[in-house]
Structures are given as C-alpha cells and as structure tokens.
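Structure first, then comments.
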Amino acid sequence: MIKIYYSETAEDAGRAAAEVIASLVKEKPDCVLGLATGSSPIGMYTALAEKCDRGEISFKAVKSANLDEYVGLTKDHDQSYAYFMRANLFDKVDIDLNNTNIPNGMAEDPKAECERYDKVIESLGGIDLQVLGIGNNGHIGFNEPDDHFPYGTSLVNLTDSTIDANARFFTSRDEVPTQALSMGIGQIMSAKKVLLLAMGKGKADILERSLFGEVTPRVPASILRFANDVVVFADKDALSVIMEKHPGAVIK
Ligand code: GLP
C-alpha cells in the first residue's frame, strides 16, 4: 500500500519525513535504518539533526545501512556517499559510527565487497525503514533500468543519464564515476517500511510512471507498487503530474 503525502515545499516534505523516522527511533531505539543520499533527503536529515540537538531523539543505538557508493571514491572524497552521510547526518547526531554501514567503493574486489555487504545487511536482521530517493530514470539506490530486478548488492554500470544528472556535483563530467555498488531491489523490498522522497519538477513524470504505470525493471522504482508499506513525501513540483492525472491519490 502506497500513501502519497503532499508538501508545499521540499523543506516541508523533509520535515514530514523526519517525523516518521523520529517516531520509529522513539518506539524502537535500536532500529535499523536504510539510508539514502542525493539532494532529496537533505531536508529530512537537517530536521532529524535539529530534533537530536533538542534532545527529542537519540541515535545512540540506531544502526544504519546505506544504499550505495560510487566505485573509486575514497570515503574522504567530498562526493563520496560516505562523506555525504557524515556531513549531512552522522556528524550532526549522536550515532555511533561503528553502527553505520556503507559499501566500500575502494574495495579491490568489488564482487567480494558486494558479498560482504549482503552479509552485513543480513546480520542487521532486516531493515526497519528504508529511505529512498528516485533517479530521473526511475532508479532506486543505483539500481538502473534493466531487464531484471537484482536481489542483492551488485556492481552497477551507471547509465549516461545518471552520469549526466550527477555531473552537477563534480567539476567536470569526466570526474563522475562510471560504476557504483548498490544494495539490491530484493533487499530494498524486504524492508518493513519504505519512505520515498522526491523533490522538484524533474521528478514529476518518473514519479507518476513509477507509482501508477506498469511494474517493470525498466522503471526500477515501479516495484514499490508490490511493497507492503510505502510512504511518499514529495513537494508540489514533484507531485504535479500525479495531481493532474490522479487527483484523488494525494493526501494533503
Ligand atoms: C543518486 C543516488 C540515488 C538518489 C538519486 C536522486 O543517483 N544514487 O540514491 O535517489 O541520485 O538524487 P536527488 O535526490 O539528488 O535527485
């Protein structure tokens, strides 16, 4: 079942999403969070850091597993997802870094690293809540459009459209890694709850196709239609096509 919540701005959507995570952390202080990078979750992370600052929540016992990492970037590279997570959340809350997990994009043997990461996720005993953004082409994590849905962590060749989209964060397009390690669709679908964030006009079409179109590995996010519990927090620009085509589907 998918619930789509309307927010006027990306900031409002981030705050609303943070409420869901905060309730879970209060209810289950040692919960397992699946975390995502990208611009969409930044507002949510800011709101969570503020809540932690105010003493409303604590991440001391929380465990986390991130979705993905670029191949070839060290964890101190300012575009690595390890760096992103420290800058946007981990350094701002009281989480124990030993309880955080991100695939190692510098691993000499990426296949072995995928196997290691699968074991990490298994040892966490399942993900209570998985945060997702959505790529312009419908990717979740770095699971690109394909002819099948991968179950576990894999080494992914990034598509030209993803490299183009992510080039904005690098000085030149040539610097964007061409490969990544990504948690698989099966692992994402095993999470007890999924929180999908989408912000901006650029996501309006793909969000509608994912949530109302055919379920196909060509649009990886469309698999979420088969998940048990999905909540979508999006701003009015990202929801524009859905509101036009399926006005009754959005909760205001
Ligand atoms: C990257 C990440 C995805 C993310 C997507 C969208 O490619 N690997 O996990 O969802 O970008 O990012 P944004 O939220 O910046 O649009």
Side-chain angles (χ1 to χ4, degrees), residues 7 9-11 13-14 17-18 33-47 64-73 77-85 87-89 101-105 114 117 127 129-146 150 153-170 173 175-185 187-189 191 194-211 219-224 230-235 237-240:
S7 293
T9 65
E11 249 197 346
L33 299 178
L35 297 176
T37 54
S39 43
S40 302
I42 290 180
M44 180 187 77
Y45 291 143
T46 306
S64 72
N66 260 78
L67 281 170
D68 46 14
E69 180 59 283
Y70 286 117
V71 167
L73 299 191
H77 188 291
D78 66 3
Q79 290 309 324
S80 75
Y81 289 165
Y83 184 96
F84 175 101
M85 288 312 299
N88 288 289
L89 186 69
N101 298 281
I102 302 182
N104 175 11
C114 292
Y117 206 62
I127 292 169
L129 182 146
Q130 177 64 58
V131 179
L132 294 177
I134 181 168
N136 296 333
N137 59 5
H139 73 214
I140 47 179
F142 263 135
N143 294 285
E144 297 281 39
D146 206 340
T153 312
S154 66
L155 173 65
V156 176
N157 293 319
L158 301 179
T159 61
D160 284 343
S161 89
T162 295
I163 294 173
D164 289 342
N166 292 357
R168 68 189 195 277
F169 299 113
F170 293 81
R173 191 185 187 279
E175 284 176 29
V176 187
T178 56
Q179 291 187 308
L181 301 177
S182 180
M183 195 189 276
I185 295 284
Q187 289 161 324
I188 292 171
M189 288 295 285
V194 171
L195 203 159
L196 175 65
L197 302 165
M199 314 293 168
K201 262 241 144 2
K203 300 292 167 66
D205 277 316
I206 195 65
L207 194 61
E208 194 274 336
R209 274 180 70 200
S210 301
L211 302 181
V219 182
S222 66
I223 193 73
L224 296 175
V230 181
V231 278
V232 181
F233 290 100
D235 66 1
D237 288 339
L239 288 173
S240 54

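Note that ligands are numbered from 1 as they come in the structure, with each ligand's atoms numbered from 1 the same way. This is a predicted model, so every value here is computed, not measured.
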Requested in this report: Spell out, as yes or no, whether a donor-acceptor pair under 3.5 Å connects the side chain of Tyr117 to the backbone of Asn101.
Outcome: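 The answer is yes, because a donor-acceptor pair under 3.5 Å joins these two groups.
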Report task. Report yes or no: does Asp235 contribute a side-chain atom to a donor-acceptor pair with the main-chain N or O of Ser7 at less than 3.5 Å? Result ->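 Answer holds: no.
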Query - Test side-chain hydrogen bond (donor to acceptor under 3.5 Å, both in side chains) applied to Asp146 - qualifying residues, sequence neighbours left out - result: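 Listed in chain order: nothing, the list is empty.
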Query raised in the report: In chain order, what residues pass the side-chain hydrogen bond (donor to acceptor under 3.5 Å, both in side chains) check against Asp68, with sequence neighbours excluded?
Result: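 Listed in chain order: nothing, the list is empty.
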Query raised in the report: Roughly how far apart are Asp78 CG and Phe169 CZ, rounded to 0.5 Å?
Result: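 Rounded to the nearest 0.5 Å, the CG-CZ separation comes out at 11.5 Å.
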Query raised in the report: Among all residues two or more places apart in sequence or in another chain, which pass the ring-ring contact (aromatic ring centres under 6.0 Å, His included) test with Tyr70?
Result: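 Only Tyr81, Phe142, Phe170 meet the ring-ring contact (aromatic ring centres under 6.0 Å, His included) criterion with Tyr70.
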Show the short N or O contacts, below 3.5 Å, that ligand 1 makes with protein N or O atoms; if there are none, say 'none'.
| from | atom 1 | to | atom 2 | distance (Å) |
| --- | --- | --- | --- | --- |
| ligand 1 | 7 (O) | His139 | NE2 | 3.0 |
| ligand 1 | 7 (O) | Asn166 | ND2 | 3.3 |
| ligand 1 | 8 (N) | Asp68 | OD2 | 2.9 |
| ligand 1 | 8 (N) | Gly141 | O | 3.4 |
| ligand 1 | 9 (O) | Gly141 | O | 3.4 |
| ligand 1 | 10 (O) | Ile134 | N | 3.4 |
| ligand 1 | 14 (O) | Ser39 | N | 3.3 |
| ligand 1 | 14 (O) | Ser40 | N | 2.9 |
| ligand 1 | 14 (O) | Ser40 | OG | 2.6 |
| ligand 1 | 15 (O) | Ser39 | N | 2.7 |
| ligand 1 | 15 (O) | Ser39 | OG | 2.5 |
| ligand 1 | 15 (O) | Arg168 | NH2 | 3.2 |
| ligand 1 | 16 (O) | Lys203 | NZ | 2.4 |

